[in-house]
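What follows is a single structure, written as structure tokens, with notes after it.
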Amino acid sequence: MKKILTWIILGLGVGMVLAGLVILCQSGVSHTGHNYGLSRASTTIEFGADFYTTSAQATGLAANAVIDLYKLTSMVTGIFFMFVGGIDICVTLLLTDIKELFRKEKPIDTVPSDSNIIE
């Protein structure tokens, strides 16, 4: 039972590392913007009236800040998953006997030996 639990915990650690890699690889991809990628908003747009120019520039800056937060959050999440998965793998391997983990169990002997026979 302990061996099965150890394999499950190791699998969880490997899964977390792989999930972190996937999140990191997809941190620049989203379903917004041009061609399903992230595109930055223009902050140099100008109109005839100052109010519209200022509003458009502020909106562009806010949109860019949201894009930066999205990238940062997805990168930190990916790194966190990889870190926790790596810690899981290291601690599991340190606390278990690796030779015992890969050793095959002996089959249970169902035939009684000669010493167990009462004469």
Side-chain angles (χ1 to χ4, degrees):
M1 181 67 178
K2 184 178 178 183
K3 192 184 240 188
I4 294 171
L5 219 76
T6 304
W7 279 111
I8 290 172
I9 293 171
L10 279 174
L12 179 67
V14 170
M16 288 186 75
V17 169
L18 291 176
L21 283 172
V22 168
I23 291 170
L24 274 177
C25 289
Q26 293 184 348
S27 65
V29 179
S30 75
H31 299 289
T32 62
H34 217 42
N35 295 332
Y36 299 106
L38 293 174
S39 62
R40 301 195 63 83
S42 174
T43 56
T44 59
I45 193 167
E46 291 188 21
F47 295 103
D50 289 338
F51 173 76
Y52 296 117
T53 300
T54 306
S55 296
Q57 289 174 349
T59 303
L61 289 172
N64 290 339
V66 170
I67 289 172
D68 292 340
L69 283 173
Y70 167 76
K71 286 183 179 180
L72 180 66
T73 303
S74 60
M75 286 176 52
V76 168
T77 303
I79 291 170
F80 177 76
F81 267 69
M82 289 177 52
F83 179 74
V84 171
I87 294 291
D88 177 82
I89 292 170
C90 291
V91 168
T92 304
L93 291 178
L94 282 174
L95 294 178
T96 59
D97 184 16
I98 296 175
K99 290 179 182 177
E100 183 68 30
L101 191 62
F102 289 103
R103 185 178 298 146
K104 293 186 178 185
E105 295 180 14
K106 294 179 183 177
I108 299 173
D109 191 16
T110 57
V111 178
S113 63
D114 290 340
S115 63
N116 291 339
I117 299 175
I118 302 175
E119 295 180 16

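Residues: numbered from 1 along the sequence shown. The structure displayed is predicted, hence computed values, not measured ones.
- Under the 4.5 Å side-chain contact rule for hydrophobic residues, Trp7 and Leu18 share a cluster.
- Cluster partners of Ile9, using a side-chain heavy-atom cutoff of under 4.5 Å among ILVMFWY residues and allowing indirect links: none.
- Interatomic distance, CD1 of Ile23 versus OG1 of Thr73, reported as 11.5 Å (0.5 Å rounding).
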Please lay out, stage by stage, how Ile4 and Ile8 fare under the test side-chain contact (heavy atoms from CB on, under 4.5 Å).
-> CA-CA 6 Å; Ile4 294 171; Ile8 290 172; 4.0 Å; yes

Review item, side-chain donor-acceptor pairs of residues 79-96, under 3.5 Å, at least two apart:
unit_1: Asp88; atom_1: OD2; unit_2: Gly13; atom_2: N; d: 3.2
unit_1: Thr92; atom_1: OG1; unit_2: Asp88; atom_2: O; d: 2.6
unit_1: Thr96; atom_1: OG1; unit_2: Thr92; atom_2: O; d: 2.8

